[in-house]
Amino acid sequence: MHLSPLTTPDATGQWDGITPPTRRGGPSRSLTDVLVELRFVDPGRMEWAVDAARAAGKTAAAMLLDEKHITQDQLARATAERHGLDHLDLSRFQVDMAATNLLGPAAAKRYEAVPVAYIDERTVLVAMADPANVLAIDDIAIMTGLEVRAAVASHEDIAAVISRIARLDDVVATTSLDEEYEAENGPAEVVDLRESADDAPVIKLVNQIIAQAVEQGTSDIHFEPEDNQLRVRFRIDGVLIETTTIPKRMVSGVVSRVKIMSDLDIAERRVPQDGRVSLTIDGHPIDLRVVTLPSVHGESIVMRILDKSSVIMELDRLGMGEDDLARFSKAYRQAYGAVLVTGPTGSGKSTSLYAALGVINTPEKNIITIEDPVEYQVAGITQVQTNPKAGLTFASGLRAMMRADPDVIMVGEIRDRETAQIAIEAALTGHLVLSTLHTNDAPGAVTRLIEMGIESFLVSSAIDCVVAQRLARTLCEHCKKPVTLSVEALRDAGFTVTAPVDAYGPGGCSRCGGSGYKGRLGLYEVMSITDEIRTLVVERAAADKIGEVAERQGMRRLREDGLDKVRQGRTSIAEVTRVTGSL
């Protein structure tokens, strides 16, 4: 069977990290000759290694390794060249979790080989330390039921992948959050998912995907049906990255497994379903909110990962500058009034509010929150989660909270007129109200409340501060590279500058998965409501006019804050443009 080369990257970049041999075919050269041909070792040193190895009863390659004249990766590259096979750098190659699931960790260790990708429906790519072990290749073909295409990787890389998949399979425990069951029988017992893992490869695969997602800091896992397969993507630092493709024979099992974990109806495929599952990853409590959507190709599943014990960061560490932080701090430290944080979904609004609550959370204050869902659990705060099925909405919960003697109220999101009206009235009657709103910028928040039907004079009296924010990816400190941004390029991107800007751009290394970015920071726009702005709000002035006045009074726009962080080398101009759009 003719197999095409794997070195041309597909749309997902899956084949990055493969080095083809200069010629294909069986071994016709010695390993020592190949090491010299590849210029990993000079001829003089090789002669020494051959003599020293003969005296020590070792191979020349082992002697060179012991003396650190070559690396494990160079030895693997030479071995691949000798056998006419592809060499895999597993620190760069995107290992397919569905493929690794074909071979158990014990067998992988025994053969020092691990499946890393599907080439097609009948063929699997296997990374091996010793491609001359034809018995291992035959055994793997029998165990997987697939044809094996061998490639060579270093002992270290293969051991790291085997260790990782073995550990990922061990770390997940789960419990169903069936509220009616818990109400009748108490909290559900945490069950180890591995209880039948030997009999159910699907369970192992789902475990590994979830554990890998948590390990990589993923916020959402997407299972998307496509051409009788299930594409798996992780949203990391706000960007979706393709991780693996689950083959056709495992699709129905994976979908059913996720539904069972989330206490959903596995027989219902025609309507969307919502569920929830509580996990323990290495003793760390995690909540997953699961949504299924029927599509023309099958059921799509999205799992939102909520880390209940996440450390809440300080605002300055999140990226808020000194002037913006001073304005925001002055507002949330007041005894009453409303502070709003705006931005699209996933822009870190709740994190900013929790950071503020962390500062003002003292024994003298009664702080109550109502959220959907409760993303972080904080000691000393009463946290209420909405339950529309039971009649507990933002509006009804907020009304009840007003009778519970609060000092500070946090409303997860103002979605409708009723919630907005109660929140504004609370701010006007001696309570500090913190909430979020979906608007593109800070000035748009006050006009949005008026459009909801709140009287303009109430809005002007209640609101003290509005923060608009976005999350931009942070440049990887290990591989970012200096660039000079020309005036013309910056102006074309919508930035007003008079001189070129020295900055940094993304590189790409194994530490950041080749993306050039690792982590995120906030871009902020903080608008204090002054007397002049209150007058404009009462007059129902347009958001643009309110924004112009706020800028004259010292407010920096999101893009200006982003450009400052580009100058500081913390993010790139492309990233600022991506998250701020046409603002």
Side-chain angles (χ1 to χ4, degrees), residues 324 326-343 349 352-353 356 360 367-370 393-469 524-558:
D324 290 339
R327 292 179 178 212
F328 186 38
S329 298
K330 181 182 177 182
Y332 68 69
R333 289 175 187 272
Q334 293 184 146
Y336 56 88
V339 178
L340 301 178
V341 180
T342 77
K349 302 185 296 295
S352 294
L353 290 184
I360 62 177
I367 301 175
I368 308 178
T369 75
I370 181 163
T393 63
F394 278 115
S396 63
L398 194 48
R399 270 197 222 92
M401 288 161 57
M402 291 292 292
R403 299 190 294 270
D405 188 31
D407 296 299
V408 180
I409 295 171
M410 189 185 98
V411 184
E413 183 183 343
I414 293 177
R415 297 177 178 173
D416 52 52
R417 182 187 182 282
E418 188 178 8
T419 305
Q421 186 75 41
I422 300 169
I424 292 295
E425 289 173 359
L428 292 171
T429 54
H431 305 89
L432 178 64
V433 178
L434 309 178
S435 189
T436 70
L437 199 64
H438 285 282
T439 62
N440 288 329
D441 57 11
V446 290
T447 57
R448 174 65 57 82
L449 288 172
I450 293 171
E451 290 168 0
M452 282 184 174
I454 310 300
E455 292 291 344
S456 60
F457 68 89
L458 294 177
V459 174
S460 69
S461 301
I463 307 298
D464 286 312
C465 180
V466 183
V467 179
Q469 70 178 76
Y524 297 94
E525 177 178 293
V526 182
M527 183 178 77
S528 297
I529 307 298
T530 62
D531 290 341
E532 189 176 351
I533 291 176
R534 291 187 198 280
T535 301
L536 292 174
V537 173
V538 171
E539 295 173 352
R540 297 175 177 262
D544 289 345
K545 188 172 182 180
I546 294 173
E548 290 172 8
V549 173
E551 284 186 76
R552 288 204 307 269
Q553 295 175 347
M555 180 186 80
R556 287 190 312 163
R557 290 290 191 173
L558 282 165

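Index from 1, following the sequence.
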Between Lys545 (side chain) and Leu536 (backbone), is there a donor-acceptor pair under 3.5 Å? no
Output the distance between atom CG (Leu449) and atom CG (Leu458), rounded to the nearest 0.5 Å. 10.5 Å
Ion pair check, Arg552 and Glu532, cut-off under 4.0 Å: yes
Side chains of Met410 and Ile370 in contact at under 4.5 Å (non-hydrogen atoms): no
Do Asp544 and Pro443 come within less than 4.5 Å of each other through their side chains, counting heavy atoms only? no
Check for a donor-acceptor pair, side chain of Glu525 on one end and backbone N or O of Ala468 on the other, with a separation under 3.5 Å. no
Enter the distance from Leu398:CG to Thr393:OG1 here, rounded to the nearest 0.5 Å. 9.0 Å
Is any side-chain heavy atom of Met527 closer than 4.5 Å to one of Ile533? yes
Keeping the roles fixed (side chain from Thr439, backbone from Asp441), state whether a donor-acceptor pair exists under 3.5 Å. yes
Check the pair Asp324 / Arg556 against side chain to side chain contact (heavy atoms under 4.5 Å, CB included), numbers first and verdict last. CA-CA 8 Å; Asp324 290 339; Arg556 287 190 312 163; 3.5 Å; yes
Could you report the tightest heavy-atom contact between Tyr332 and Leu434, atom names first, then the distance? CB-CD2, 4.3 Å
Is the closest side-chain heavy-atom distance between Ile463 and Val537 below 4.5 Å? no
For the pair Thr436 (side chain) and Val341 (backbone), establish whether a donor and an acceptor sit closer than 3.5 Å, ignoring hydrogens and angles. no
Can you tell me which residue pairs pass the side-chain hydrogen bond (donor to acceptor under 3.5 Å, both in side chains) test with a partner in residues 453-464, sequence neighbours excluded? Gln334-Asp464, Asp464-Arg534
Does some side-chain heavy atom of Ser528 sit less than 4.5 Å from a side-chain heavy atom of Phe328? no
Without swapping roles, check the side chain of Ser435 against the backbone of Val411 for a donor-acceptor pair under 3.5 Å. yes
Is any side-chain heavy atom of Met401 closer than 4.5 Å to one of Thr369? no
Taking salt bridge (charged side-chain N to carboxylate O under 4.0 Å, His left out) as the definition, give me every residue that meets it alongside Glu451, ordered by chain and number, with sequence neighbours left out. Arg448
Less than 4.5 Å apart, side chain to side chain, heavy atoms only: is that true for Met452 and Ile414? yes
Donor-acceptor pairs under 3.5 angstrom involving side-chain atoms of residues 422-433: please list them, not counting sequence neighbours.
residue, atom, partner, partner atom, Å
Glu425, OE2, Gln421, NE2, 3.2
Thr429, OG1, Glu425, O, 2.9
Thr429, OG1, Ala426, O, 3.2
Thr429, OG1, His431, ND1, 3.4
His431, ND1, Ala426, O, 3.1

Any Arg540 side-chain heavy atom under 4.5 Å of Ile450 side chain: yes
